[in-house]
Amino acid sequence: MYKHLLIATDGSELADKGVTHGLTLAKGLGASVTFITVSEQFPIFAWGGAMAGYAAGDELAAYQEEARKYAKEVLDKCKASADAAGVSAEVVHVEDKRPAEAILELSQARGCDLIVMASHGRRGLGKLLLGSQTAEVLSYTEIPVLVVR
């Protein structure tokens, strides 16, 4: 049925549930897995006054270094879980993109046939104010998405 799953994670406790569920499914199906975590762009518009629109070099470098370090920790944990479960897995860290955009692009580029991701299941005003990467993926994908809550 499914041969290549894309499992999205941000390293949160909720995302870990999606990782666990996706690995269990992949093991049962004999499918391979690609894990993705995404680091969004440095929030340059957070600066005020004369610095508006510009990111100081040191702060940008520190942000990127911490994002890479965190992504490595998250993906190393995912890879270790896959290895322990006997599931073939690759890991991908995408930098400077919105998560939904990166998930959609990678799922196509890698020929994935199922996306697994977690969601808080927010509705109404909470969804409007906080946004939903899961909702965006669901709106634009051409392959099935398994949403874990």
Side-chain angles (χ1 to χ4, degrees), residues 1-46 55 57-149:
M1 177 177 250
Y2 299 115
K3 297 184 187 310
H4 189 180
L5 283 60
L6 180 68
I7 302 177
T9 182
D10 61 6
S12 67
E13 187 176 323
L14 177 63
D16 286 347
K17 291 179 183 179
V19 167
T20 300
H21 196 89
L23 280 174
T24 301
L25 180 61
K27 182 172 177 70
L29 295 172
S32 63
V33 167
T34 297
F35 292 103
I36 181 175
T37 194
V38 182
S39 300
E40 294 191 62
Q41 288 185 327
F42 183 75
I44 60 174
F45 296 111
D58 291 343
E59 286 82 4
L60 175 59
Y63 174 83
Q64 290 173 329
E65 182 179 330
E66 286 301 313
R68 288 178 187 132
K69 180 180 172 185
Y70 181 72
K72 182 176 178 353
E73 290 172 11
V74 168
L75 293 173
D76 285 351
K77 181 180 170 185
C78 290
K79 180 71 167 125
S81 295
D83 290 346
V87 174
S88 173
E90 294 182 44
V91 297
V92 177
H93 174 215
V94 177
E95 296 183 61
D96 298 330
K97 285 215 177 196
R98 295 184 57 249
E101 179 183 359
I103 291 165
L104 291 165
E105 286 177 3
L106 190 65
S107 68
Q108 288 181 336
R110 295 284 174 108
C112 298
D113 46 22
L114 179 69
I115 298 170
V116 180
M117 57 192 309
S119 175
H120 287 283
R122 292 186 180 100
R123 297 176 187 263
L125 188 57
K127 179 179 169 187
L128 180 64
L129 293 175
L130 297 172
S132 173
Q133 297 303 307
T134 304
E136 190 172 336
V137 168
L138 286 167
S139 295
Y140 294 104
T141 188
E142 296 179 4
I143 63 172
V145 179
L146 174 63
V147 179
V148 179
R149 293 195 179 179

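Atoms considered below: every heavy atom in the structure, side chains included; atoms not considered: hydrogens, waters and symmetry mates.
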Identify every side-chain donor-acceptor pair in residues 5-12 under 3.5 Å, counting partners at least two apart or on other chains, and give the distances.
unit_1: Thr9; atom_1: OG1; unit_2: Gly11; atom_2: N; d: 3.0
unit_1: Asp10; atom_1: OD1; unit_2: Ser12; atom_2: N; d: 2.9
unit_1: Asp10; atom_1: OD1; unit_2: Ser12; atom_2: OG; d: 2.7
unit_1: Ser12; atom_1: OG; unit_2: Ala15; atom_2: N; d: 3.1

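For the side-chain hydrogen bond (donor to acceptor under 3.5 Å, both in side chains) condition, the pairs that include at least one residue of residues 71-80, sequence neighbours left out, are Asp16-Lys77, Lys72-Asp76, Lys79-Asp83. Identified under the ring-ring contact (aromatic ring centres under 6.0 Å, His included) test for residues 57-80, with sequence neighbours left out: Phe42-Tyr63. For residues 24-39, no pair satisfies salt bridge (Lys or Arg N to Asp or Glu O under 4.0 Å), with sequence neighbours left out.
With sequence neighbours left out, the salt bridge (Lys or Arg N to Asp or Glu O under 4.0 Å) criterion links Glu105 to Lys97. Scanning for side chain to side chain donor-acceptor pair (under 3.5 Å) contacts around Thr34 gives His4, with sequence neighbours left out. In this view, Ile143 and Ser107, Cys112, Ile115, Thr141 satisfy the side-chain contact (heavy atoms from CB on, under 4.5 Å) rule, not counting sequence neighbours. Qualifying side-chain contact (heavy atoms from CB on, under 4.5 Å) partners for Ser81, counting only residues two or more places apart in sequence or in other chains: Leu23. By the salt bridge (Lys or Arg N to Asp or Glu O under 4.0 Å) test, Lys17 is found to be paired with no residue, residues two or more places apart in sequence or in another chain being considered. Every residue was checked against the salt bridge (Lys or Arg N to Asp or Glu O under 4.0 Å) condition with Lys3, not counting sequence neighbours, and none meets it. Here Ala71 pairs with Thr37, His93 under the side-chain contact (heavy atoms from CB on, under 4.5 Å) rule; sequence neighbours left out. When the salt bridge (Lys or Arg N to Asp or Glu O under 4.0 Å) test is applied to Glu95, the partners found at least two apart in sequence or on another chain are Arg68.
From Lys69, atom NZ reaches atom OG of Ser39 across 13.5 Å, with rounding to the nearest 0.5 Å. Rounded to the nearest 0.5 Å, atoms CD (Glu90) and CZ (Arg110) are 5.0 Å apart.
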